[in-house]
Amino acid sequence: MPKGGRKGGHKGRARQYTSPEEISAQLQAEKQKAREEEEQGEEGGDGAAGDPKKEKKSLDSDESEDEEDDYQQKRKGVEGLIDIENPNRVAQTTKKVTQLDLDGPKELSRREREEIEKQKAKERYMKMHLAEKTEQAKADLARLAIIRKQREEAARKKEEERKAKDDAALSG
């Protein structure tokens with residue numbers, strides 16, 4: 001039993017190690033197979049002796065290598081074995097600065113649209129409120145009128161009481 005009380009590997013399976021020679025042999029075989037496929041593709045085409053694909057690669061070496069690397073990186077797992085075409089998958093395309101459309105109408109998200117509508121509604125309400133056309137504004141004005149009347153009555157009563165005191169002090 002190995003250290004730490006852990007069991008090694010799966011039940012009853014012996015570990016298999018690949019030697020460096022076997023790994024290099026597999027790589028050589030894969031490279032050879034790729035060359036053969038490339039040659040077969042060129043022979044099946046127009047059959048030109050100048051190898052137009054190789055010349056094109058040498059001219060556009062930067063772009064073609066990048067594209068091939070991206071293609072190989074995207075194909076992981078079973079995708080390398082099975083050719084899958086997913087109609088829902090959206091391939092990301094990179095746009096150059098010259099291709100960007102800055103003048104066109106900008107599409108707003110739902111949240112942004114709702115926020116703008118909310119602000120506009122608030123502004124409309126405040127205009128109506130200041131013009132005293134809303135229910136709340138009418139209620140506020142009625143309340144203010146009642147408070148003014150109460151204050152006037154209180155001021156009148158104080159004035160009468162003060163006059164009564166002055167009259168009492170003069171006559172007394």
May I have the list of side-chain donor-acceptor pairs in residues 115-129 shorter than 3.5 Å, sequence neighbours left out?
unit_1	atom_1	unit_2	atom_2	d
Y125	OH	Q136	OE1	2.7
H129	ND1	T134	OG1	3.2

Query - Carboxylate-amine/guanidinium proximity below 4.0 Å for R110 and E114 - result: yes
Query raised in the report: How far does CD of E37 sit from NZ of K33, to the nearest 0.5 angstrom?
Result: 7.0 Å
**Report entry** Straight-line distance of E21 CD to T18 OG1, nearest 0.5 Å
**Finding:** 10.0 Å
Report summary line: Residues pairing under side-chain hydrogen bond (donor to acceptor under 3.5 Å, both in side chains) where one sits in residues 162-172, two or more places apart or in two chains, turn out to be E159-R162
Report task. Starting at CZ of R143, measure out to CG of D140 and round the result to the nearest 0.5 Å. Result -> 4.5 Å
